[in-house]
Amino acid sequence: MSGSERVAKRGPTYICQACGAVYHRWQGKCDACGTWSSLSEEAQAAPVPGGRGSSGGKARGRVFALETLKGETQDAPRIVAGIGELDRVTGGGFVPGSVLLIGGDPGIGKSTLLMQACAALALRGQRVVYVSGEESTGQVRLRAERMGLAEAPVDLAAETNVEDIIATLGQGQRPALVVIDSIQTMWSGEVESAPGTVTQVRGSAQALIRYAKTSGACLILVGHVTKDGQIAGPRVVEHMVDAVLSFEGEGAHSFRILRGQKNRFGATDEIGVFEMTGKGLSEVSNPSALFLAGRDQPAPGAAVFAGVEGTRPVLVEIQALVAPTSLGTPRRAVVGWENSRLAMVLAVLETHGGLRLGQHDVYLNVAGGLRVNEPAADIAVAAALVSSLTGAILPNESVYFGEVALSGAIRPVSVAAARLREAAKLGFGAAFLPSGGADFGDGSGLNLRRFGHVTELVADIAARAPRRDVK
Ligand code: TYD
Ligand code: MG
């Protein structure tokens, strides 16, 4: 809250390119977001072109009528793309006049996904404009050809000046959807900073958002992200838009996950799953089958977690490796789950389960590159850890779900019935689940093994261990 508030009226201004905080003196680290070397000199924290601030003097305000909470409302109409996995994440289609930001690593497939959405909409008779600031129209066309979409009547442009773009969009029939790929390449002639700077990104986004709100076209902004997962530059845009989606994937895997991070028109916990193929992205309507594909022969340290992403059950394999350490401080490495959550499960297993893990390195991996955020994965993680430590192979046809409390108690979790149904559908025969919670009867067709405390779980797994006891 220090330098960022006191901005000199004249002279150079330094703006953090990560979070947009403004300083009048250069410094190595941004006080606001803690990023190093992110300050860059920009001409002026210019008022937004045409914005309220730019009128300067004491303009008289217009009087407007106030409304009540009660009254006529209509559901936002939707523009359905016809790509099920995308429509699910947007909450049932694009909302006219709304602005969506799609973030993701370069090369993850944002342009591909959006071109497919554009083509699908255009083929349904909607006017769609795709503005690429990064590729030439030739490159975009080539890609569309490869995906077999060249016939779709998408209006295409390779432009970066927002005034030109808005003027062009004003011609002819109002587009239903406008894609700007990417917001970092846009610049506005009314903002005196170099393209790519926070001021430019913010100014350009503001002008484009104003266009969307006044015209009623749905606007999609593409934003590249930095290594730490934050949308660089466009992070300052996040709060201006109606929805923020992120497109994620692991380099080594071909599937991609579209995840809602903020959505004023729908739930934020939905995911859409795609697979990158030679002909663009194809929808994965049964993600569990994909995440479980290529499961190795039964081996210690693997447990299948029956998870839920949004409204959809997703089965995924949790892999653990517990090995004696050669270091003073044992390693804990996690991919796809929270570090702090692993530390908690380890502490509970040590305190209540009688395991000694202080001299062991622990590696935990969610197979397939999925990121699991649910506490319901606790007992799947615990089972995988105990299995790896003891060498006991977990029954291959079982799934696990349940939350572990600090006391070692295993707590019931939500939507258990859907988890069981999914497991049954994929051919699993048994489920390890919390003893509390709803009674599902035998409807699932699974052999239900209920546990109330981690000690019971540890004992059950250890009993399967080859010779070695739990130490
Ligand atoms: P792209 O959509 O350009 O990524 P972004 O816009 O997020 O930077 O995707 C580029 C990657 O996708 C590139 O590495 C090639 C791959 N790809 C395919 O594998 N198949 C395809 O049909 C297309 C169009 C791209
Ligand atoms: Mg791109």
Side-chain angles (χ1 to χ4, degrees), residues 81-83 85-86 89-90 99-123 128-152 154-160 162 165 177-187 195-196 201 204-205 208 219-235 237-238 241 243-261 271-284 290 368-369 371:
I83 300 177
E85 297 293 301
L86 173 63
V89 181
T90 54
V99 183
L100 213 133
L101 176 69
I102 292 195
D105 291 327
I108 205 75
K110 300 178 295 294
S111 305
T112 307
L113 175 69
L114 292 176
M115 180 46 78
Q116 285 179 255
C118 284
L121 274 176
L123 288 170
V128 178
V129 181
Y130 184 97
V131 183
S132 178
E134 298 186 340
E135 294 164 290
S136 68
T137 47
Q139 280 172 302
V140 177
R141 220 176 273 135
L142 215 65
R143 186 209 316 254
E145 243 164 59
R146 243 182 64 204
M147 294 191 286
L149 301 172
E151 296 305 313
V154 176
D155 287 341
L156 192 61
E159 287 295 334
T160 53
V162 286
I165 292 170
L177 178 70
V178 178
V179 173
I180 301 290
D181 186 2
S182 65
I183 187 63
Q184 277 114 330
T185 56
M186 295 296 135
W187 63 280
V201 167
S204 305
L208 288 162
L219 175 70
I220 299 183
L221 304 175
V222 174
H224 294 294
V225 298
T226 49
K227 272 201 257 47
D228 61 5
Q230 298 294 346
I231 296 180
R235 201 159 115 196
V237 177
E238 268 181 31
V241 300
V244 179
L245 309 182
S246 67
F247 205 36
E248 310 165 356
E250 289 284 324
H253 300 281
S254 64
F255 68 83
R256 305 278 181 265
I257 293 167
L258 186 66
R259 195 186 285 279
Q261 292 188 336
I271 63 164
V273 186
F274 297 89
E275 189 170 7
M276 183 62 94
T277 70
K279 285 183 153 245
L281 292 155
S282 67
E283 294 180 64
V284 175
L290 180 80
R371 238 205 108 69

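The structure presented is a predicted model; accordingly, all values stated were derived computationally and were not measured. Whatever order the structure lists them in is the order used to number ligands and atoms, beginning at 1. Hydrogens, waters and symmetry mates are skipped; everything else that's a heavy atom, side chains included, is used.
- Side chain of E283 to backbone of E85: a donor-acceptor contact under 3.5 angstrom is found.
- Under a 3.5 Å cut-off, the side chain of Q116 and the backbone N or O of L281 do form a donor-acceptor pair.
- Electrostatic pairing of E248 and R259 counts as a salt bridge here, judged by a charged N lying under 4.0 Å from a carboxylate O.
- The nearest protein atom to atom 22 (O) of ligand 1, hydrogens excluded, is given as G280 N, 2.6 Å; this is a heavy-atom distance.
- When the salt bridge (charged side-chain N to carboxylate O under 4.0 Å, His left out) test is applied to E135, the partners found at least two apart in sequence or on another chain are R143.
- The CG atom of L219 sits 10.0 Å away from atom CG of L101, with the distance rounded to the nearest 0.5 Å.
- Close approach to D105 involves these atoms of ligand 1, each under 4.0 Å from a residue heavy atom: 7 (O).
- Atoms CD1 and CG, from I108 and L258 in turn, are 11.5 Å apart once rounded to the nearest 0.5 Å.
- Of the heavy atoms in R146, only side-chain atoms (C-beta onward) come closer than 4.0 Å to ligand 1.
- Residue P106 places no N or O, backbone or side chain, under 3.5 Å from any N or O of ligand 1.
- Of all the heavy atoms of D181, none lies under 4.0 Å from any atom of ligand 1, so neither backbone nor side chain is involved.
- Less than 4.0 angstrom separates some heavy atom of M276 from each of these atoms of ligand 1: 12 (O), 16 (C), 17 (N), 18 (C), 19 (O), 20 (N).
- The distance from the OG atom of S111 to the CD1 atom of I102 is 10.0 Å, given to the nearest 0.5 Å.
- Other residues, nucleotides and ligands contribute at most 12 non-hydrogen atoms within 6.0 Å of the CD atom of E151.
- The contact set between ligand 1 and T112, taken as ligand atoms under 4.0 Å from a residue heavy atom, comprises 1 (P), 2 (O), 9 (O), 24 (C), 25 (C).
- The closest side-chain donor-acceptor pair between E275 and T277, if any, does not fall under 3.5 angstrom.
- Here the SG-CD1 distance, from C118 to I220, works out to 6.5 Å after rounding to the nearest 0.5 Å.
- Contact annotation: for K110 versus ligand 1, heavy atoms closer than 4.0 Å belong to both the backbone and the side chain.
- Although no hydrogens or angles enter the test, the distance criterion places a donor-acceptor pair under 3.5 Å between the side chain of K110 and the main chain of D105.
- Only backbone heavy atoms of T277 (N, CA, C or O) come within less than 4.0 Å of ligand 1; its side chain stays farther off.
- For ligand 1, one of its N or O atoms has an N or O atom of S111 under 3.5 Å away.
- The distance criterion of under 3.5 Å between nitrogen or oxygen atoms is met by G278 with respect to ligand 1.
- Within the listing of ligand 1, atoms 1 (P), 2 (O), 3 (O), 24 (C) sit less than 4.0 angstrom from a heavy atom of R143.
- Taking a cut-off of under 4.0 Å to the non-hydrogen atoms of K279, the atoms of ligand 1 that pass are 22 (O).
- Distances from the Mg ion (ligand 2) under 2.8 Å pick out these protein N/O/S atoms: S111 OG.
- The protein non-hydrogen atom at the shortest distance from atom 11 (C) of ligand 1 is G107 O, 3.5 Å.
- Taken from CZ in F274 to OG1 in T112, the straight-line distance is 11.5 Å, to the nearest 0.5 Å.
- At least one N or O atom of G109, backbone or side chain, sits closer than 3.5 Å to an N or O atom of ligand 1.
- One distance of note links OG1 of T160 with CD1 of I180; it measures 10.5 Å at 0.5 Å rounding.
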